[in-house]
Protein chains: 2
Amino acid sequence: MRDTRPYHHGDLRRTLLAAAAEAITESGPAALSLRDLARRAGVSHAAPAHHFGDKAGLLTALAAEGFGLLADELDRTRAAGGGVLDAGVGYVRFAVAHRAHFSVMFQPDLLNRTDPELLAAQDRASGALRSAVATVEAPQRRGADARIAGLSAWSIVHGFATLWVSGALPADLGGDPEEAARQVIRPLFAPG
Amino acid sequence: MRDTRPYHHGDLRRTLLAAAAEAITESGPAALSLRDLARRAGVSHAAPAHHFGDKAGLLTALAAEGFGLLADELDRTRAAGGGVLDAGVGYVRFAVAHRAHFSVMFQPDLLNRTDPELLAAQDRASGALRSAVATVEAPQRRGADARIAGLSAWSIVHGFATLWVSGALPADLGGDPEEAARQVIRPLFAPG
DNA sequence: GCTGCTAACTTGACACCGACAAGATTGGAG
DNA sequence: CTCCAATCTTGTCGGTGTCAAGTTAGCAGC
């Protein structure tokens, strides 16, 4: 909080994660450079490695943060009394609002898959996901057990989110991802 | 076809694309190195750049090849008289069989988005996709127009494929992606 | 206030990579 | 046989990730 940069940054870890999210949002995970992050944060080129050990370590931390944010989002819609449809829209809202996190969370080749923090965050998110699906009214699941129903919901929501953030969807869908998501997802939950 | 390597490789472009697919299958697109591909093909480190101009150029060519293969797959199921469900399973089959292509096709930050060959291949694939969805029997679309129905189908299929190849799905689904896909996708097409 | 300790950060170095320029080799058209 | 264009090589440059060793800052205990 001083006007001159102290030797100890004080909050470098969080600063680097924020800078990484910004850089990835701008130009994707492939173009990310630890040295560029260091420059943005005003520290030496090797400082990031001290906090994350590795480039994969930084991306792993970002992914873990992402799973936490996703769990937060799902818990929020659940607390607001929303159903599966709302949870699905929340999933898409998360992906669009935190594109950088989302684009890293499901690319295992960029991450340390066994990192304990990552695993814990994944567990929390998948728990929140399961809770959201558990709110489906029973008649909508007839003919398929709950596990399959959950995977169907996850698939359609994840697919739409992925296609949206990758820009693969047709432009005539409009600019509002949540509204578009609601329309596209609805057929699965309200057949007929 | 001679036993000694001629100065002109003769088929370097295809060889490099195959090597790239193999390398990406092994360790993901991020770890791909043009120099490593050159080593695998037994050529000098700058040879790849001559054919593709750029690392993005190589990945773009791979993505274009991927869209072509996807269109082939969809055309094949259509020619075999399959319905939307079969087309969806075919989509997943393609993603699993050509994981390297698939993992590059929807990452625009790795590609030259305006490459004419890529655009042509995308057009062909999306045409095949639209044809597949058009085979949906009318009653299954009531309440939603054809465009939305197509996006729903694409979303659930793309989501399942993405989650499968990223290893995010629970292990108790078994090892057969096509059978699992059929179960997960069905609820969208055969509600009730 | 001083000492010692640990975490945070810097400096320097090395191998690797993508990209570019310039040269060498080849096959084929005329 | 000549010439040309495409293919591939060689050499080089700046940038990057990672490691090792050194430097600084905060902090507990005396």
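Naming: A, B, ... by sequence-line order, numbering from 1 per chain.
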Distance check needed: [N] [atom2] versus [X] [atom1], whole Å only.
| X | N | atom1 | atom2 | answer |
| --- | --- | --- | --- | --- |
| Leu12(A) | dT24(D) | CG | C1' | 15 Å |
| Asp11(B) | dG27(C) | CG | P | 15 Å |
| Leu37(B) | dA19(C) | CG | P | 12 Å |
| His50(B) | dA24(C) | NE2 | P | 17 Å |

Subject >> Test side chain to side chain donor-acceptor pair (under 3.5 Å) applied to Ser126(A) - qualifying residues, sequence neighbours left out >> reply: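 Ser126(A) satisfies side chain to side chain donor-acceptor pair (under 3.5 Å) with Arg130(A) only.
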**OP:** List in chain and number order the residues that pass side chain to side chain donor-acceptor pair (under 3.5 Å) with Asp86(A), two or more places apart in sequence or in another chain; answer none if no residue qualifies.
**Re:** Arg182(A)
**OP:** Could you check Ile156(A), Val96(A), Leu129(A), Thr77(A) and say which one makes a side-chain contact (heavy atoms from CB on, under 4.5 Å) with Tyr91(A)?
**Re:**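 The passing option is Leu129(A).
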Original post:
Which pairs with one or both residues in residues 98-123 of chain A pass ring pair (Phe, Tyr, Trp, His ring centres under 6.0 Å), sequence neighbours excluded?
Top reply: Phe67(A)-Phe106(A), Phe94(A)-His98(A), His98(A)-His101(A), Phe102(A)-Phe106(A), Phe102(A)-His158(A), Phe106(A)-His158(A)
Original post:
Quick check: are there more than 12 heavy atoms from other residues, nucleotides or ligands sitting under 6.0 Å from CZ of Arg78(A)?
Top reply: no
**OP:** Using the rule that two of Ile, Leu, Val, Met, Phe, Trp, Tyr join whenever any of their side-chain heavy atoms come within less than 4.5 Å, decide whether Val89(A) and Phe189(A) are in one cluster.
**Re:** no
Distances under 3.5 Å between protein N/O atoms and the N/O atoms of nucleotides 14-18 of chain C, please, pair by pair.
from    : atom 1 : to       : atom 2 : distance (Å)
dC17(C) : OP1    : Arg39(B) : NH2    : 3.4
dC17(C) : OP2    : Arg39(B) : NH2    : 3.3
dG18(C) : OP1    : Leu34(B) : N      : 3.2
dG18(C) : OP1    : Lys55(B) : NZ     : 3.3
dG18(C) : OP2    : Leu34(B) : N      : 2.9
dG18(C) : OP2    : Arg35(B) : N      : 3.3
dG18(C) : N7     : Arg35(B) : NH1    : 2.4
dG18(C) : O6     : Arg35(B) : NH1    : 2.9

Original post:
Do any of residues 17-30 of chain A sit with a heavy atom less than 4.0 Å from DNA chain D, and if so which?
Top reply: none
Subject >> 4.5 Å side-chain heavy-atom contact, Glu65(B) and Val104(B) >> reply: no
**OP:** Determine the contact category for Ala49(B): base if any of its heavy atoms lies under 4.0 Å from a base atom, sugar-phosphate if only primed atoms, P, OP1 or OP2 are that close, otherwise nothing.
**Re:**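 Ala49(B): no heavy atom of the nucleic acid under 4.0 Å.
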Show me the donor-acceptor pairs, under 3.5 Å and distance only, between side chains in residues 164-176 of chain B and residues at least two apart or in other chains.
from      : atom 1 : to        : atom 2 : distance (Å)
Ser166(B) : OG     : Thr162(B) : O      : 3.2
Ser166(B) : OG     : Leu163(B) : O      : 3.1
Asp172(B) : OD2    : Arg147(A) : NH1    : 3.4
Asp176(B) : OD1    : Glu178(B) : N      : 3.2

